[in-house]
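Here is how names work: the chains are called A, B, and so on, in the same order as the sequence lines, proteins then strands, and each is numbered from 1. All values below were derived from every heavy atom in this structure, side-chain atoms included, with hydrogens, water molecules and symmetry-related copies excluded.
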Number of protein chains: 2
Amino acid sequence: MKPSENKILAAAHDLFREYGYNGTSMKRVVEASALTTGSVYHFYPGGKVELAAAVIVEAGGAYQKLFEQVLDGCPTVLVGLETLFQQGGVMLASTDYIDPCPIGGIAREVANVEPKLREACDLAFNGWIDSGTRRFIAAGLEATVARDMAMLFITTIEGGFLLARTARDPEPLLAAGRAFCAAFRSQLRR
Amino acid sequence: MKPSENKILAAAHDLFREYGYNGTSMKRVVEASALTTGSVYHFYPGGKVELAAAVIVEAGGAYQKLFEQVLDGCPTVLVGLETLFQQGGVMLASTDYIDPCPIGGIAREVANVEPKLREACDLAFNGWIDSGTRRFIAAGLEATVARDMAMLFITTIEGGFLLARTARDPEPLLAAGRAFCAAFRSQLRR
DNA sequence: ATGTGGTTAGAACGATCATTCTAGTCGTCA
DNA sequence: TGACGACTAGAATGATCGTTCTAACCACAT
């Protein structure tokens, strides 16, 4: 990936997180990337939609990688999950409660308006679901339960970020995380 | 509330659900309410922000009322929760996966940009959290667990709506709902 | 030196944004 | 009847939107 393309992608990623899809103008992407309109449309001839799709793909992969890495670095899956909620809370507080992930926000804004972006978000979510399902099965959960718990994990993270940002307090995320981890522990015992 | 004011509020409510906050223009609110710019700004002199705040207050109360009513109409809290997830799935599928609730979307879009709206959303969420906590305590959960579970319930609903809309399939909401209800059942047994 | 293709530069376009403003209509009560 | 306040009407404003366009730049091949 060319350096300019990378700068555009990074700028768009940050702006979408902070201001959402419709709240981010191409002019601001141009300014934040320290380039010009011509360059942005050179690398993303499809304009804003193509740029957002690229951000979704990149962020989707990055978060899945983060998830896997944290679990790999922890003695058990349960400890890994607790760590993820903890780290999420710390990150929120240390970034002035900016949305840590652009995908959910974009999905919510344009799911009914931009099929291309809805599909890109769906792909990212499915990657997370599959990854979580595999990990939870490996941890000892029965297959169908593991998939349900993977879904619950993602809704807990996405919803927890939302509540914590709205409250400007990590507590809702941590509380939901505690309840989720208790549920996970309870399923392990079966 | 005057009829015109009600028409404006209803139109804005629907548009925010479908297109989000930044994706909804005042022009479209004017058209959808079958009134004129003058009327809209007569009832909401604070413009778009004041209008959105009114939508949030109204929707927040309506959803809390719905939550209470469904639980009141069910033999146990657990059955009530299962019913809510079921109904949510049906509603999504029957409305072409339009966001059932404008609050989470607005919160996500403008939490870092419009303090007034962030606070309005926070108030609505806190009402739900308190309501859920009370109900869960009444069902037999210990106080701190009940609050954590109330948070988890809201994240599950919000996140479940998000995943289901993105997938255009109620299944993620239902799966997360199953996992949540299993967790609730497990907490009841203690 | 002379292209050549990838990249940068930024002016310009028409559309749409939220909001303001003046003028007019309507029901109600004096 | 007259007057007043609530409401409606919609043109107008200046800003900003996403995108397009032409010209220039630059490293490198011939």
Side-chain angles (χ1 to χ4, degrees), chain A residues 1-56 102 105-106 109-118 120, chain B residues 1-56 102 105-106 109-118 120:
Chain A
M1 185 182 302
K2 308 290 172 61
S4 290
E5 190 180 352
N6 203 18
K7 281 201 285 184
I8 296 164
L9 206 59
H13 180 109
D14 289 347
L15 288 167
F16 285 148
R17 281 174 47 195
E18 188 153 11
Y19 304 106
Y21 179 78
N22 287 312
T24 297
S25 69
M26 291 300 269
K27 184 163 182 266
R28 295 189 72 166
V29 173
V30 165
E31 290 167 358
S33 61
L35 290 169
T36 64
T37 314
S39 293
V40 171
Y41 278 86
H42 171 74
F43 287 105
Y44 299 95
K48 198 177 181 180
V49 170
E50 184 184 343
L51 176 56
V55 167
I56 291 163
I106 297 178
E109 273 189 75
V110 300
N112 287 89
V113 175
E114 292 281 359
K116 285 267 172 59
L117 295 184
R118 185 194 64 76
Chain B
M1 184 183 302
K2 308 291 173 61
S4 290
E5 189 180 353
N6 203 20
K7 280 201 284 183
I8 296 164
L9 205 59
H13 180 108
D14 290 346
L15 288 167
F16 285 150
R17 280 175 46 196
E18 188 153 11
Y19 305 105
Y21 179 78
N22 286 311
T24 297
S25 69
M26 292 299 270
K27 184 163 182 266
R28 297 189 70 165
V29 173
V30 166
E31 290 166 358
S33 62
L35 291 169
T36 63
T37 315
S39 294
V40 171
Y41 278 87
H42 171 75
F43 286 105
Y44 299 96
K48 198 176 180 180
V49 170
E50 185 185 343
L51 176 55
V55 167
I56 291 163
I106 297 178
E109 274 188 74
V110 301
N112 287 89
V113 174
E114 292 282 358
K116 285 268 173 58
L117 296 184
R118 184 194 65 76

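Checked by atom type and distance alone, the side chain of B:Glu109 pairs as donor or acceptor with a backbone atom of B:Asn22 at under 3.5 Å.
Taking atom NZ of residue A:Lys2 and atom C1' of nucleotide C:dG5, one finds them 11 Å apart after rounding to whole Å. Atom CD in A:Glu31 sits roughly 13 Å away from atom C1' in D:dC17 (whole-Å rounding). Whole-Å rounding puts the B:Asn22 CG to D:dA15 P distance at 20 Å. Summarising the geometry, the separation between CE on B:Met26 and C1' on D:dT16 is reported as 17 Å, rounded to the nearest angstrom. Put simply, CD1 on B:Ile8 is 11 Å from P on D:dA9, counting in whole angstrom units. In this structure, CD of A:Glu5 is placed 10 Å from P of C:dT8, rounded to the nearest angstrom. Counting to the nearest Å, the P atom of C:dC13 and the OH atom of A:Tyr41 are 17 Å from each other. A straight line from NZ of A:Lys7 to C1' of C:dT8 spans 11 Å, rounded to a whole angstrom.
B:Ile8 and B:Leu51 make their closest contact through CG2-CD1, 3.9 Å (heavy atoms, listed as atom of the first residue, atom of the second, distance). Between A:Ser33 and A:Val40, the shortest heavy-atom distance links the atoms OG-CG2, 4.5 Å.
The listed nucleotides are D:dT8, D:dC7, D:dT20; the one nearest the side chain of B:Ser4 is D:dT8. Comparing atom distances between the B:Thr36 side chain and each of C:dT20, D:dA9, D:dC7 picks out D:dA9 as nearest. The side chain of A:Thr37 approaches D:dT20 more closely than any other nucleotide in the set C:dT20, D:dT20, D:dG18. With C:dC17, C:dT19, D:dT20 as the choices, the nucleotide that has an atom nearest any side-chain atom of B:Ser25 turns out to be C:dC17. Considering only the side chain of A:Ser39, C:dT8 comes nearest among C:dA18, C:dT8, D:dA6. Comparing C:dT7, C:dA18, D:dG10 against the side chain of B:Lys48 picks out C:dA18 as the nearest. Out of C:dT7, D:dT20, D:dC7, the shortest distance to the side chain of B:His42 is found at D:dC7.
The residues B:Lys27 and B:Glu31 are annotated as salt-bridged, a charged nitrogen and a carboxylate oxygen being separated by less than 4.0 angstrom.
Counting non-hydrogen atoms under 4.0 angstrom, B:Thr24 reaches the backbone sugars and phosphates but no base. In this structure, B:Gly47 reaches the sugar-phosphate backbone alone: every heavy-atom distance under 4.0 Å involves primed, P, OP1 or OP2 atoms, never a base.
Cation-pi geometry between B:Lys7 and B:Phe43 is not met: the NZ or CZ atom fails to fall both under 6.0 Å from the ring centre and inside 45° of the normal.
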